[in-house]
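A quick write-up on the structure given underneath.
Note that the structure is a prediction, hence the values are computed from the model and not measured.
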Amino acid sequence: MSESPLLTSPLHARHLAHGAKFAEFAGWDMPLQYPSGVLAEHQAVRTGVGAFDVSHLGKIWVTGTGAAAFVNRCLANDLDRIGAGGAQYTLCLDEDGGVVDDLIAYRFSDDEVFLIPNAANTAEVARRLDAAAPEGIEVRDVHRGFAVIAVQGPESPRILEYLGLPHDHEYMTFREHLVDHADVIVCRSGYTGETGFELVVPNAAAVDLWDGILVAGAAPCGLGARDTLRLEMGYPLHGQDLSRDITPVQARLNWAIGWDKPEFWGKAALEAERAEGPKRRLWGLEATGKGVPRAHMSVLDGDTVVGETTSGTHAPTLKKGVALALLDAGYKPGAELELDVRGRRLPIRVVKPPFTKATPK
């Protein structure tokens, strides 16, 4: 049997026309980089503005009387910390406290919540919510109905102003705006650490919006630069730094847990781990010698393996290697260790991310 063809964004033809190099992301054929290259795209976001097509991200509507309260009983963060028009980073956990996915929840009202999970986990998050939903609550997976465009960088407000889109609202809040009869959700958020916005737009209006963003001066950027940008900020990537085997307590994401809520999936397991203390924690590593960390490299204290990297790259802003790693619980920032880089030892220092400062939100 032949494999299923890769899914494509509604902007796919535009990426081809710009000479993008593609790679598979969770069953989607998405732009990895453009001819300018990852380093130039990374720099454009840190100093100016770049645009990313992240339409592979999932989209789920949860609607009906009490939809927000229902979502709050399921997902880990406390949705009641935000009101209508607020967005929140949250987690979908299994009963053992492992991370099924991390996602963004948009609270439209008490009866309407929009979720953006990761591409690979959308169907599973929707399935879990649908299975738990009481009568009157509808869970709709609309993964392929919308494009998502991230406009990121210190000059991103200028791009939105040029397009007539709202751009002066607070971090992790969203506004709706009608563009050519299409309702665009404009959220002040992103995955780069810079001032930025994520625009959720119906497929039919996506190409015109993308074209306008580039005409206004944003550099097209691929998912390669998105990864180096997020890693410089120490943001976790599900499937590497978070997983069903890596809990939020281990990943130091206690701030994203509604500990005082009466319930959420996985609460009992997390409370037990928190009380006992995790056996390992996610920290940052900075190379103090020449070398580039990658995922799944052993962290050494002398001849003893004390951890493993989960993500790693060359940080263009710092011009050095950085990584995230799960280390035995006794290790803290300031510790001097080594990394096994294909049989060669690379000196590293344990640090608390972010690795670099970003622009104010």
Between Asp78 and Asn72, does a side-chain contact (heavy atoms from CB on, under 4.5 Å) hold up when you go through it step by step? CA-CA 6 Å; Asp78 189 352; Asn72 206 24; 3.1 Å; yes
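- Gln152 and Glu198 are not linked by any side-chain donor-acceptor pair at a separation below 3.5 angstrom, with hydrogens and angles left out of the test.
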Please assess Trp61 against Tyr106 for the test ring pair (Phe, Tyr, Trp, His ring centres under 6.0 Å), listing each intermediate value before the final yes or no. CA-CA 10 Å; Trp61 283 109; Tyr106 292 53; 8.8 Å; no
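- Judged by distance alone, the side chain of Thr90 and the main-chain N or O of Asn77 form a donor-acceptor pair under 3.5 Å.
- Follow the hydrophobic side-chain contacts under 4.5 Å out from Val305 and you never reach Leu327; the two are in separate clusters.
- Between Arg127 and Glu124 there is a salt bridge, with a side-chain nitrogen of the basic residue lying less than 4.0 Å from a carboxylate oxygen of the acidic one.
- Under the 4.5 Å side-chain criterion, counting only non-hydrogen atoms from C-beta, Pro248 is in contact with Leu270.
- In this structure the side chain of Leu91 reaches within 4.5 angstrom of the side chain of Leu93, judged on heavy atoms.
- Residue Leu346 holds its CG atom at 11.5 Å from CG of Leu337, rounded to the nearest 0.5 Å.
- Residues Asp208 and Val179 have side chains not in contact (no heavy-atom distance under 4.5 Å, counting atoms from C-beta outward).
- Side chain of Asp94 to backbone of Asp96: a donor-acceptor contact under 3.5 angstrom is found.
- The existence of a salt bridge linking Glu194 and Arg46 is confirmed by a sub-4.0 Å separation between a basic side-chain nitrogen and an acidic carboxylate oxygen.
- Between Phe70 and Leu79 there is no side-chain heavy-atom pair separated by less than 4.5 Å.
- Counted by atom type alone, Gln240 and Ser311 present one or more donor-acceptor pairs between their side chains at under 3.5 Å.
- Judged purely by distance below 3.5 Å, without hydrogens or angles, the side chains of Thr247 and Glu273 pair a donor atom with an acceptor atom.
- Between Ile137 and Val62, some side-chain heavy-atom pair lies under the 4.5 Å cut-off.
- Inspection of the Arg280 and Gln250 side chains reveals an N or O donor paired with an N or O acceptor under 3.5 Å.
- With Asp340 contributing its side chain and Gly343 its backbone, the two residues share a donor-acceptor pair below 3.5 Å.
- Ser298 has its side chain out of reach of Leu339: every pair of non-hydrogen atoms, C-beta onward, lies at least 4.5 Å apart.
- The closest donor-acceptor contact from the side chain of Thr288 to the backbone of Pro347 lies under 3.5 Å.
- With hydrogens and angles ignored, the 3.5 Å screen pairs no side-chain donor or acceptor of Glu286 with any backbone N or O of Ile348.
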When you look at Arg244 and Asp101, which way does the salt bridge (Lys or Arg N to Asp or Glu O under 4.0 Å) test go after all the steps? CA-CA 8 Å; Arg244 296 199 192 187; Asp101 198 25; over 6 Å; no
Just do the salt bridge (Lys or Arg N to Asp or Glu O under 4.0 Å) check on Asp141 and Arg144 with the steps written out, would you? CA-CA 8 Å; Asp141 183 346; Arg144 299 180 64 180; over 6 Å; no
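- Note that OG1 of Thr173 is 13.5 Å distant from CD of Gln88, once rounded to the nearest 0.5 Å.
- Asp110 places none of its side-chain heavy atoms less than 4.5 Å from the side chain of Thr65.
- Side-chain atoms of Glu232 and Thr317 include a donor-acceptor pair closer than 3.5 Å.
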Stepwise, does the ring pair (Phe, Tyr, Trp, His ring centres under 6.0 Å) test hold for Trp28 with His12? CA-CA 11 Å; Trp28 290 69; His12 191 76; over 10 Å; no
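- In summary, the aromatic rings of Phe114 and Phe174 are positioned with their centroids too far apart to meet the 6.0 Å limit.
- When hydrophobic clusters are built by joining Ile, Leu, Val, Met, Phe, Trp and Tyr residues whose side-chain heavy atoms come closer than 4.5 Å, directly or via intermediates, Leu242 is grouped together with Trp255.
- Environment of CZ in Arg342: sparse, with no more than 12 heavy atoms of neighbouring residues, nucleotides or ligands closer than 6.0 Å.
- More than 12 heavy atoms of other shown residues, nucleotides or ligands fall within 6.0 angstrom of atom CD in Glu336.
- Here Ile185 contributes atom CD1 and Leu199 contributes atom CG; the two are 10.0 Å apart, rounded to the nearest 0.5 Å.
- Donor-acceptor pairing under 3.5 Å is recorded for the side chains of Asp53 and Ser9.
- Side-chain atoms of Lys59 come within 3.5 Å of backbone N or O of Ser55 as a donor-acceptor pair.
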Please step through salt bridge (Lys or Arg N to Asp or Glu O under 4.0 Å) for the pair Asp303 and Arg345, ending with a clear verdict. CA-CA 11 Å; Asp303 292 328; Arg345 296 207 172 197; 3.0 Å; yes
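- Side-chain N or O atoms of Trp259 include none that pairs as donor or acceptor with a backbone N or O of Lys267 at under 3.5 Å.
- Of the possible donor and acceptor atoms, none in the side chain of Gln33 sits under 3.5 Å from a partner among the backbone N and O of Ala225.
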Chi angles and distances behind the side-chain contact (heavy atoms from CB on, under 4.5 Å) call for Leu223, Phe25: CA-CA 9 Å; Leu223 299 184; Phe25 288 83; 3.6 Å; yes
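- At a threshold of 4.0 Å, the pair Arg107-Asp80 counts as salt-bridged, since one of the basic side-chain nitrogens sits closer than that to a carboxylate oxygen.
- Within the 4.5 Å cutoff, side-chain heavy atoms of Trp265 are placed close to those of Cys92.
- Side-chain contact of Asp102 with Tyr89: a donor-acceptor pair under 3.5 Å is present, judged by distance alone.
- Of all heavy-atom pairs spanning Gly284 and Pro353, the tightest one is N-CD, 3.7 Å.
- One distance of note links CH2 of Trp283 with OG1 of Thr310; it measures 13.5 Å at 0.5 Å rounding.
- Of the options Leu16, Thr8, Leu6, Leu32, a side chain to side chain contact (heavy atoms under 4.5 Å, CB included) to Phe22 is made by Leu16 and by none of the others.
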Dump the intermediate steps for salt bridge (Lys or Arg N to Asp or Glu O under 4.0 Å) on Arg230 and Asp241, then the final yes or no. CA-CA 12 Å; Arg230 71 94 189 169; Asp241 316 299; 2.9 Å; yes
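- Taken from CG in Leu300 to CD in Glu338, the straight-line distance is 6.5 Å, to the nearest 0.5 Å.
- Here Trp210 and His15 bring their ring centres to under 6.0 angstrom of each other.
- Side-chain N or O atoms of His177 include one that pairs as donor or acceptor with a backbone N or O of Gly164 at under 3.5 Å.
- Rounding to the nearest 0.5 Å gives a distance of 7.5 Å between CG of Leu324 and CG of Leu285.
- Under a hydrophobic clustering in which Ile, Leu, Val, Met, Phe, Trp and Tyr are joined whenever their side-chain heavy atoms come within less than 4.5 Å, directly or via other members, Val351 and Met233 fall into different clusters.
- Under the 4.5 Å side-chain heavy-atom criterion for grouping Ile, Leu, Val, Met, Phe, Trp and Tyr, Leu103 is not connected to Tyr191 through any hydrophobic cluster.
- Of the charged side-chain nitrogens involved, at least one lies within less than 4.0 Å of a carboxylate oxygen, so that Glu155 and Arg158 count as a salt-bridged pair.
- A single hydrophobic cluster is seen to contain both Leu11 and Leu214, as judged by linkage of ILVMFWY side chains at heavy-atom distances under 4.5 Å, directly or through other members.
- Side-chain N or O atoms of His238 include none that pairs as donor or acceptor with a backbone N or O of Pro117 at under 3.5 Å.
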Please lay out, stage by stage, how Leu229 and Phe52 fare under the test side-chain contact (heavy atoms from CB on, under 4.5 Å). CA-CA 12 Å; Leu229 288 158; Phe52 301 82; 3.8 Å; yes
